[in-house]
Amino acid sequence: MGSLDATSTSLAEDLQDLQLDRPAKGLKSVEELEKLTVDEHLSDIERSVYLLSSGQEVQRISVIHNLPDLLRDTESHDECMRRVVPKVREVLHLAQTEMQVAASSAFLQILQKNLVPVQNYSQTFLQTILNSVDSKDPDVASAWLDTLLDVIDLLPKEVIKKEILGSAIAKGQLAQSVQSRLACCRILGKISTKFEPFVIKKEILPVVQSLCQDVDYEVRGCMCRQLDCVARGMGLEATKSAILPELVELTNDEECHVRIAGLETVVNILSLLDAETCGTTIIPLVCKICQQAVQAEDATLPVVATQLGKLCHGISDNLTDEQRQWFIDFYKKLCHVGLEKNKASSRVTTPLIDKDRGSKESDLTDIFELEDKLVECRKNSAYNFPAMVLFCGAKQFKPELHLTFTHLCKDPHFLVRKTISSGFHEVCKLLGNNANLIQSDLVALLKDESIEVLRGVISTIPAILDCYMSSGSNHTVSESKSGPLSDIIPAFLASENAIFTSHNWRLQEELMRNLSCLSRCYSSESLYNKVIPILRQKLVKARALPVKVAAAHSLLKLTRKVKKREQREEIYHGLIHDFCHARKCYLRNVFIDICRIVIELYSKKFFKETFYEYLLELHTDSVPNIRLSLCSILPDLKRLLILPTDRGLLQQLDACVRKLLVSEKDRDVSDGIQSAVEELDKIHIPMQSMTRRNFFEQDLDDQKKEEEEKLLLDNEEKELKKEEEAAEKKKGDKRNLVSAKKGSENGSSSRIPGPRKGSRAGLSGSNSTTKKFLYPSHITPEDDNKPVAPLTKGAGTSNNKLVKSKSINCISQIPRRDFEELDSKEVSKTKIVPPGKAPASTTSTTNKPSKTTRGSGIPAPGSAGTRRASVPTISTSRRGSLGGQLGTEVTPKAKGSNGALNPSIKERKKSR
């Protein structure tokens, strides 16, 4: 029991210590709130003076932040300069870091906005800035130094020479602290461009040379980085005599930090030097720096790799062929540095680090640091690869840099591959027509497992594909299967699997958006069969909403490039079915986003015909969020309408809004529809007559979209017409060929041996064969009518029976009522194909295009009959004769085969 009581007591004490109902520590107590309370009747100036004198730290910072606003007011400007500014300068002597930083920012804003005359500024604010630069707090001193450097750009030359130059030179003396000498270096570099060369030589140059020889390496490095500005202020001749010797000595400094600064300054100063100086001084100096960096493998090596591109570009005009080749070979070494030594270093260091534990840890640290430097070197080299291609030239890329580029694309470290993939489009642009050389490397990067590498390629894939389209070939993938895009685009589409296995939704969104660029590379059929299915799948299954929106945007953009209307309508109906009528509410919400994209990409007429009514159906949705999203798009729907054409759509919109206003019970949706109604009232629907006269920019854009959609339909009709004409021509050629074969079989391919050569029968057989080949079965020459007419004379009984058997299928043999029955059932709509023939669409005798219903390939009523009228058919069956004859009257083409039977038709009509 005692232990139980002790446990309960300790638990109660713990709960008491928590004090859950006690206010948080961040809240102010009543006493603190009273201290922060200020009389409301005080003016802005009096309140500022009061807060600076007896206010809290937060209140003082607020006053300093508000100081530019006080000076902007013309009424309180003079009083502020007389009462508030002196108080601010007084408070800053003992202020904390946050207040000092706030004051440095406020003082700069006052000069940038010209709130105080320059003379007054130099007497008040500038003196405070100069004194605060020497603060012992490094953060405060750095903030005020940055403010001073920005102020120097805005002050006139006389004020700088009078107020700042003397202070800067005094800070650069050897007796001053390192912090003061560092500040002096930056100030001298800033003011060197403000004065004439003789002033720089007399006043600034001695201090610069002294700081370049300073005992502290940080001061030497800082002054070295400012030599570029000093040299530009002095001119070329003074630079060659005074600055270059100091720069050469700094590049050979014992400290790595100073050598790095020297190399960066050499690169920045190249544009100032002449060809002679570059050839005699700079090029040998650079070669020496590069060799030392490779030998030492210290921190200068990554910097050399970073600056090599600028360096080669700056001295390229002054290089000989041997020197140019030396720099190319040196760049190749930088791209391979560390790759060959990985195995060797692991073998050598393994026995050494087993000696003792302390040395093992230090050696491991050194190994990792060296490896990081080598990886950074290769990464920087990959960054400079476009510059080296420009330096080498596109023609010399294959023998010089192609192998190196392949190695960088296959580097074992992903950072190197990521860097080279990010600059791939730049290399393609520089190579131009030779971009096909790196096609396999692009495919390898697209198949990379690293998401970071894929991000570099995916983000620039539109520019890369443009380069390939303009360089190698201007045809699509389906038109040239052997072209460069035939391997690139499948790899690009396959990268979707790796990207969507990660959780990087931003990269997924970028991929979905960049898929729209394939409209320039893929044919219409390829887009419909390969790209659009991916977008439709991700539109449904992607998790992040931005990815769905990006997929919808690319899908609708690519659908405009699909040529077949049936395929386009299938996509639109699929969007309505899968999203507007979906069971899941988040898919119905995506449909509203899809409608927004359709309004953006398509014409008003198309949206009103396709999506308008389906979108308004969502006002009866059972989920409030869907109705709330619908309220936000209602004003956009009203902007699409034009009276009096869209009066019915306007009534539907009004009915939807009225129903939401009356029957809506959800509070958020009610607020949303109220906001929508307010915006709807501000929208005026234009009249059709007015829009014809006054075309605004949006109207012209919409008219352009509508013309593009109409052009797409016209092109489709033209292509269908061409296909029908080609099919008809092909069918005619086949028919001619069949008739020619039949004629040749009747004349020469009989099993009965023909007469001997030279006989009369043989001659007649050859003549008939020739005539049958020259004239198809449905075309009868005039001289052939004479021997055909007396068929019954001397022909025998069997020939008469043969003629009668052929004439059984004639129209004259069919009862009248049966014929009318068939005609009433529109038998002519069905297309009957002769035996052994493939079905093909043909044009009518009047050359009018066939009409089809929207969204299907079903011909309009009456079109099939006219098509069959122009196609002569030869049939031996009753059904085949109907298919060839029902659509029109008996034409002269049929007279060649059944010419003797034509009078019987008239006789039967008379008898009936």
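Residue numbers run from 1 in the order of the sequence given. Because the structure is a prediction, the values reported are computed rather than measured.
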Report yes if the side chains of [X] and [Y] come closer than 4.5 Å at any heavy-atom pair, otherwise no.
| X | Y | answer |
| --- | --- | --- |
| L575 | L539 | yes |
| E525 | Q567 | yes |
| L339 | L374 | no |
| R232 | S271 | yes |
| L507 | E510 | yes |
| L454 | I499 | yes |
| M234 | I243 | yes |
| C521 | M469 | yes |

Check whether any side-chain N or O of [X] sits under 3.5 Å from a backbone N or O of [Y] as a donor-acceptor pair, and report yes or no.
| X | Y | result |
| --- | --- | --- |
| N380 | P302 | yes |
| K447 | A491 | no |
| T281 | C278 | no |
| R417 | D411 | yes |
| T239 | A231 | yes |
| T265 | C224 | yes |
| R259 | L250 | no |

Measure across [X] and [Y] and return the closest heavy-atom pair with its distance rounded to 0.1 Å.
| X | Y | value |
| --- | --- | --- |
| V258 | G221 | CG2-N, 4.1 Å |
| P386 | G423 | CG-O, 4.1 Å |
| I328 | E400 | CG2-OE1, 3.8 Å |
| S502 | Q508 | O-NE2, 3.1 Å |
| L308 | N384 | N-ND2, 4.2 Å |
| L601 | R560 | O-NH1, 3.3 Å |

Using a strict cut-off of less than 4.0 Å between a Lys/Arg side-chain nitrogen and an Asp/Glu carboxylate oxygen, indicate whether [X] and [Y] qualify as a salt bridge.
| X | Y | value |
| --- | --- | --- |
| D321 | R324 | no |
| K373 | D298 | no |
| D253 | R220 | yes |

For [X], does the [atom1] atom sit with more than 12 other heavy atoms under 6.0 Å from it, leaving out its own atoms?
| X | atom1 | value |
| --- | --- | --- |
| K561 | NZ | no |
| K563 | NZ | no |
| K557 | NZ | no |
| Y383 | OH | no |

Rounded distance (nearest 0.5 Å) linking atom [atom1] of [X] with atom [atom2] of [Y]:
| X | Y | atom1 | atom2 | answer |
| --- | --- | --- | --- | --- |
| I532 | I571 | CD1 | CD1 | 3.5 Å |
| Y602 | I597 | OH | CD1 | 10.5 Å |
| K538 | S554 | NZ | OG | 13.5 Å |
| R536 | L555 | CZ | CG | 7.0 Å |
| Q292 | T251 | CD | OG1 | 8.0 Å |
| H257 | C222 | NE2 | SG | 7.5 Å |

Side-chain donor-acceptor contact under 3.5 Å, [X] with [Y]:
| X | Y | value |
| --- | --- | --- |
| R568 | S524 | no |
| S450 | D448 | no |
| T406 | D441 | yes |
| T277 | D274 | yes |
| Q325 | D329 | yes |

Would you sort out whether S422 and T460 count as a side-chain contact (heavy atoms from CB on, under 4.5 Å), showing the intermediate values?
CA-CA 7 Å; S422 300; T460 59; over 6 Å; no
Determine, step by step, whether F385 and T419 satisfy the side-chain contact (heavy atoms from CB on, under 4.5 Å) criterion, reporting the C-alpha distance in whole Å, the side-chain angles of both residues, the deciding distance to 0.1 Å, and the verdict.
CA-CA 10 Å; F385 195 89; T419 306; over 6 Å; no
Could you please spell out the steps behind the side-chain contact (heavy atoms from CB on, under 4.5 Å) verdict for L319 and F391?
CA-CA 11 Å; L319 291 175; F391 175 73; 3.6 Å; yes
Parallel, tilted or perpendicular: which one describes the rings of F424 and F405, with boundaries at 30° and 60°?
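The rings of F424 and F405 sit tilted, inter-plane angle from 30° to 60°.
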Worked check of side-chain contact (heavy atoms from CB on, under 4.5 Å) between C290 and V294
CA-CA 6 Å; C290 295; V294 172; 5.7 Å; no
Before giving the answer on salt bridge (charged side-chain N to carboxylate O under 4.0 Å, His left out), spell out for R186 and D146 the whole-Å C-alpha distance, their side-chain angles and the decisive distance to 0.1 Å.
CA-CA 10 Å; R186 297 183 63 184; D146 293 338; 3.4 Å; yes
